[in-house]
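Here the structure is laid out as structure tokens; the discussion comes afterwards.
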Number of protein chains: 2
Amino acid sequence: MSNITEIARRARVSRTTVSRVLNNHPYVKPDKREAVLKAMQDLNYVPNLNAVNLSRGKTNVIGVIVPTINHPFFSNLIEGIGRGCHKHHYRLLVHQSNYDPGHEIEFFNMLKYKLIDGLILGSSMLPAAALDELSHYGSIVSCEASGSRLITKVLVNHESGIRMAVDHLRSKGHRRIGLCIGNPISGIGISRKKAFSALLEAYGLDWRDDWYFEGKYSVEDGSAVAASIAGQSLAPSAMVVGSDYVAAGLIKEAARQGIKVPEQLAVIGFDNQPIAQVMDLTTIQQPIVQMGETAAAALHLMLTEAERPADQTLELELVVRQST
Amino acid sequence: MSNITEIARRARVSRTTVSRVLNNHPYVKPDKREAVLKAMQDLNYVPNLNAVNLSRGKTNVIGVIVPTINHPFFSNLIEGIGRGCHKHHYRLLVHQSNYDPGHEIEFFNMLKYKLIDGLILGSSMLPAAALDELSHYGSIVSCEASGSRLITKVLVNHESGIRMAVDHLRSKGHRRIGLCIGNPISGIGISRKKAFSALLEAYGLDWRDDWYFEGKYSVEDGSAVAASIAGQSLAPSAMVVGSDYVAAGLIKEAARQGIKVPEQLAVIGFDNQPIAQVMDLTTIQQPIVQMGETAAAALHLMLTEAERPADQTLELELVVRQST
DNA sequence: ATAAAGTATGGAACGCGTTTCACAGCAACC
DNA sequence: GGTTGCTGTGAAACGCGTTCCATACTTTAT
């Protein structure tokens, strides 16, 4: 495989000139430029990007950490990040952490090792202090709330989402409202729990601890929640569920148990995934793809302007269907 | 930022010895090894992986091309590939081609440029000849059928999937069976169409051209199909649908139109996604995650043993629910 | 005509770790 | 006692493009 030295020899110019042609620098006479291009053609030249990366000290690759790709929230997010990256000519290195901090740190090393120029966090288990520390090695954008003051955040307004859901249910007359979330110690989970508690208190709503469910991610998990509710002597009349999948499973199993939705149990989901549409699920639509794009754009800004853009919060939207 | 030269100076050894310590080569006396490790600690040394990559001529990164991440088939596939990669210590560069051949070729250059060691094709629009040509630049594994004889394939048996679906419907007495697929000119689409036609002929089933739909990917697309069927004077009594999402949309809209499923219209989907579960959809389960893992393992073999593993075909499974 | 400014090009250093080769020291083997 | 073979270490070349600096030739300005 040929390299610039060979090209230079063949075109009877210096390696510097070849490099200039390669990078479209001015100050190369047309005839020499021609000669270089011809030599590259003849020798079927392909530049070695590793050498370029080493030389330039950057790679045009940005990394993404998500717990799992195979969850609509994160695949939507990556879709958006991917679009944003492509627009700004970055490539995308994706890492599944499985919610394992060890895996996360392993990937953070890519930043230290200069294999990626920047990093977008889909969801992280690392404490704020660790993120602050790691942010010294490169630009980081987080898509979830985090105590870290050093990294830029692009978030959906979880408080507002929970408020929309609860307000909607209250407007329908509900006072016994349960909550079901995914990972309780991720940024999203923490935000949602906190927002929900605050509303419970502010509105003086009823509450029982067995109206709270956590670690629920899948349709099956939703079924389990329904089964549990069905067995309660005093059951909630409405559930706020952090994922459409879980909400769908909940509705499905509720139907099987003879619980009428929405008459006996109102259900509101999050994300407005396709599954919400077919299940006639009222849901809080989150602009996830847009969040990904925004995050990529923010990171691009940090990498090029070396300035830290302000945190951004994207707004949600209530989509009312038949489940409430 | 420190480099091995500084480490070497500080530990009073040669750069070679530092490299040996770094790579756990034998033949380094314990005291020197200690000294090097201490120097690395003191100077907060982080190796520059770009230099390593350049030097070694490989990157331990493998690329994946998919049309879009945000589709359950592909996010499942990437999930599996991600797991397989992690197991073998590869990192994963993901590229969304949007079914645009130009985008694909752009990414193939990563292989030429030596930025990735190998490539997994989720779905490609490139003709077999182009793939053959590109396969000279590095190892490629495809997850869909392709005319290319040079690249390794890890597939699900689409013929068998279509046959399962049709046989199941025939056993329920259906003779007017329609087909609905996604991209008709991708490998998957072609395989499915061909398999379906062959069965139509073999079984002597009825056929009308307006029982065939292509380019259907989403729940909305499924609704459109249902609407179209509702308007037909002679409608199919059963539909084989290449995606659970589309099938779910179809069922939903059919219900709205007063078409009874499965009595008036039986529907069978593909993938056994969560949405199939909540919609009580009979479906052909595809081992997509496993396919991803298998593809990653195959690529690993090609990269380490330099041998081309045999093509692999994974088997499908019929999951019977209420829609047939 | 001469200084100033721009155009054009090459040499050499740089970024940084890996690997080949040569060689020294030392133990085992016949 | 001499050969064989392993252990341990370093110098130097290598992989490859970018960039700083110096130099030389043209123009343009004065």
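Bear in mind the structure is a predicted one, so any value in this text is a computation, not a measurement.
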Practice item. Would you tell me whether Thr313(B) and Asn157(B) have side-chain atoms, one donor and one acceptor, within less than 3.5 Å of each other? Key: no
Check your understanding: Which of the following nucleotides, dT18(C), dG15(C), dG10(C), is nearest to the side chain of Lys32(A)?
Key -> dG10(C)
Practice item. Could you work out which one of dG10(D), dC16(C), dG17(D) sits closest to the side chain of Asn48(A)? Key: dG17(D)
Check your understanding: Heavy atoms under 4.0 Å, any strand shown: does Val18(A) hit a base, just sugar-phosphate, or nothing?
Key -> nothing
**Study point:** Lys/Arg-Asp/Glu bridge criterion (N-O < 4.0 Å) met for Glu79(B), Arg83(B)
**Key:** yes
Point to revise | Gap between atoms CD and P, on Glu34(B) and dG8(D) respectively (whole Å) | key: 15 Å
Check your understanding: Any side-chain donor-acceptor pair under 3.5 Å between Thr294(A) and Gln312(A)?
Key -> no
**Study point:** Listed nucleotide nearest any side-chain atom of Tyr27(B), set dG17(C), dT7(D), dG17(D)
**Key:** dT7(D)
Review point. Any donor-acceptor pair under 3.5 Å joining the side chain of Arg20(B) to the base of dG10(D)?
Key: yes
**Study point:** Side chain of Arg56(B) (C-beta onward), nearest among dT19(C), dG10(C), dG10(D)
**Key:** dT19(C)
Practice item. Among the candidates dT9(C), dG17(D), dT19(C), find the nucleotide nearest to the side-chain atoms of Thr16(B). Key: dT19(C)
Check your understanding: Counting side-chain heavy atoms from C-beta on, which of dC16(D), dA13(D), dT18(D) comes nearest to Arg15(B)?
Key -> dA13(D)
Review point. In whole angstrom, what separates Leu49(B)'s CG from dC16(C)'s C1'?
Key: 11 Å
Exercise for review: Under 4.0 Å between any heavy atoms, over every strand shown, what does Tyr113(B) touch: base, sugar-phosphate, or nothing? Just pick one.
Suggested key: nothing
**Study point:** Nearest-Å distance for atom pair NE2/C1', residues His25(A) and dG10(C)
**Key:** 15 Å
Check your understanding: Got a salt bridge between Glu6(A) and Arg10(A), using NZ or NE/NH1/NH2 to carboxylate O under 4.0 Å?
Key -> no
Study note, to complete from the structure: To the nearest angstrom, the CG-P distance between Leu54(A) and dT18(C) comes to 12 Å
Check your understanding: Taking CG from Asn50(B) and C1' from dC14(C), how many angstroms apart are they, rounded to a whole number?
Key -> 15 Å
Review point. Where the side chain of Thr17(B) is defined as all heavy atoms beyond and including C-beta, which of dT9(D), dT18(C), dG10(C) is the nearest nucleotide?
Key: dT9(D)
Check your understanding: Counting side-chain heavy atoms from CB outward, which of dG17(C), dT18(C), dG17(D) is closest to Asn23(B)?
Key -> dT18(C)
Check your understanding: Do Ser124(B) and Glu144(B) have side-chain N/O donor and acceptor atoms under 3.5 Å apart?
Key -> no
Exercise for review: Using atom CD1 of Ile4(A) as one end and atom C1' of dT19(D) as the other, report the distance to the nearest whole Å.
Suggested key: 11 Å
Check your understanding: Rounded to whole angstrom units, what separation is found between the CG atom of Leu22(B) and the P atom of dT18(C)?
Key -> 6 Å
Practice item. For Pro47(A), report the nucleic acid contact type (base, sugar-phosphate, nothing); a contact means any heavy atom under 4.0 Å. Key: sugar-phosphate
Point to revise | Arg33(B) CZ - dG10(D) P separation (whole Å) | key: 13 Å
**Study point:** Closest listed nucleotide, where the reference is the side chain of Ser55(A) and the choices are dG10(C), dG15(C), dG15(D)
**Key:** dG15(C)
